[in-house]
2 protein chains.
Amino acid sequence: MSDLLERLRGRGWRMTAQRRVVAEVLDGDHVHLTADEVHARAVSKLPEISRATVYNTLGEMVTLGEVIEVATDGRAKRYDPNAHRPHQHLVCGRCGAIRDVHPAGDPLADLPDTERFGFTISNVEVTYRGVCPSCATTA
Amino acid sequence: MSDLLERLRGRGWRMTAQRRVVAEVLDGDHVHLTADEVHARAVSKLPEISRATVYNTLGEMVTLGEVIEVATDGRAKRYDPNAHRPHQHLVCGRCGAIRDVHPAGDPLADLPDTERFGFTISNVEVTYRGVCPSCATTA
DNA sequence: ATCCTACAATAGACAAAGTCCAAATCAAGC
DNA sequence: GCTTGATTTGGACTTTGTCTATTGTAGGAT
């Protein structure tokens, strides 16, 4: 289960109770928590953990490339532990629900050289926006 | 030149000095200012304009569909006046520069039904990330 | 041209999300 | 079990954005 924790340990990451709890809370599929949500859940397992530590830890996991930061709504950033399976996101504009999706095709190939302005492109983020089934029925 | 202003006027938008200034500041190609940047520029044309008014005005322009809100970095939202020419964004991870780009193909068509989870999808946002030429030379 | 009135602008308090720092604590190698 | 450098902590601070009560004004009516 806890792949994330294993990966981090395997990189010689110094292990502390706080880091373990953050990794446990964040691990899983279709998980896209904000820093505050991570903190709230972490507190229930380790009451004295501070907000600063949660922010630090999430930032380190992002730097290590084990977690991806997604900005789906211009509010709080969300953290996606599924960094090793390339995927995109499908977001409900009403309730904010997020699903991981796997489109066919390669969006990078769709961008002609003339449209690259000399940039060295390293990745592409695709966000599909719409309304989820349960919001759709609630008019 | 000021297409944005024209479009707004044409919709019966009540015109005030403040709204005119915001529209003028925001108009153009490859423009992606934050609300505070818009405010700063607006102040230089109309010193007594307030931050709240800039936020209100930008929000209204978004609601009217004349301006698009883009969240490229999880920090401040940026405002893109180019709402009537469908396009995507190319972002430099170092300096934050943003260019409008026009990829070939339709990313929506790339998402199979089985990956739509019953959502009604209304639009797709593609963000290419990389390093711009001038940041690349500055090692 | 002037008057009305609903809509718009303002200042400033407030809130949410995140960063920074100096001091205290602790994991892990010896 | 020490030592030490990495980690955690709490709280102040910053940035970004929202809300509200009050004042101002655009534009139609007269």
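Owing to the predicted nature of the structure, the values given are computational and were not obtained by experimental measurement. Letters A, B, ... mirror the listed sequences (proteins, then strands); counts begin at 1.
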Any chain of hydrophobic side-chain contacts (each under 4.5 Å) joining B/Leu5 to B/Leu58?
yes
With sequence neighbours excluded, tell me which residues meet side chain to side chain contact (heavy atoms under 4.5 Å, CB included) with B/Thr127.
A/Glu125, B/Val91, B/Arg129
Walk along nucleotides 12-19 of chain C from 5' to 3' and tag each nucleotide B, S or - by protein heavy-atom contact under 4.0 Å, base first, then sugar-phosphate.
B---SSBB
Starting at the 5' end of DNA chain D, which residue's closest nucleotide do you reach first, B/Met15 or B/Arg78?
B/Arg78
Excluding sequence neighbours, so at least two apart, what forms side chain to side chain contact (heavy atoms under 4.5 Å, CB included) with B/Asp73?
B/Arg75
What pairs with A/Arg19 under side chain to side chain donor-acceptor pair (under 3.5 Å), at least two apart in sequence or on another chain?
A/Glu60
Rounded at 0.5 Å granularity, tell me how far CD1 in A/Ile49 sits from OG1 in A/Thr16.
7.5 Å
Over all heavy atoms of both residues, which pair between B/Pro112 and A/Ala104 is shortest? Give the atoms and the distance, please.
CD-N, 4.4 Å
Just to verify, what does A/Glu37 make a side chain to side chain contact (heavy atoms under 4.5 Å, CB included) with, not counting sequence neighbours?
A/Leu33, A/Thr34, A/Arg78
When rounded to the nearest 0.5 angstrom, what is the spacing between CG in B/Asp100 and NE2 in B/His87?
3.5 Å
Find the distance between CZ (A/Arg85) and CG (A/Asp29) and round it off to the nearest 0.5 Å.
7.0 Å
Over its full length, what angle do the end axes of the helix from C/dA1-D/dT30 to C/dC30-D/dG1 make, each axis taken from five pairs and the result rounded to 10 degrees?
30°
With rounding to the nearest 0.5 angstrom, report the CD to NZ distance, A/Glu69 to A/Lys77.
4.5 Å
Rounded to the nearest 0.5 angstrom, the NE2-CG distance for B/His102 and A/Asp110 is 14.0 Å
Residues at least two apart in sequence or cross-chain that pass side chain to side chain contact (heavy atoms under 4.5 Å, CB included) with B/Val21, listed by chain then number, are B/Val25, B/Ala42, B/Lys45, B/Leu46
If you draw a 6.0 Å radius around CZ in B/Arg41, do more than 12 non-hydrogen atoms from other residues or ligands fall strictly inside?
no
Going 5' to 3' on DNA chain D, which nucleotide is the first and which the last to come under 4.0 Å of a heavy atom in chain B?
D/dT15 to D/dG27
Between atom CZ of B/Arg11 and atom CE of B/Met61, what is the distance when rounded to the nearest 0.5 Å?
12.0 Å
Minimal non-hydrogen separation, A/Pro81 against A/Gly28, with atom names
CG-O, 3.5 Å
Taking only heavy atoms on the protein side, list every residue of residues 43-50 of chain B lying under 4.0 Å from any atom of DNA chain C, sorted numerically.
B/Glu48, B/Ile49, B/Ser50
Nearest heavy-atom approach of B/Cys135 to B/Cys92 is SG-SG, 3.8 Å
What pairs of nitrogen or oxygen atoms, one from the protein and one from nucleotides 23-26 of chain C, lie under 3.5 Å apart?
residue : atom : partner : partner atom : Å
C/dC26  : O2   : A/Arg14 : NH2          : 3.1

Connecting only ILVMFWY residues whose side-chain heavy atoms lie within less than 4.5 Å of each other, what is the rest of B/Leu111's hydrophobic cluster?
A/Leu90, A/Val101, A/Leu108, A/Leu111, A/Phe117, A/Phe119, A/Ile121, A/Val124, A/Val126, A/Tyr128, B/Leu90, B/Val101, B/Leu108, B/Phe117, B/Phe119, B/Ile121, B/Val124, B/Val126, B/Tyr128
Neighbours of DNA chain C within residues 57-72 of chain A, by heavy-atom distance under 4.0 Å:
none
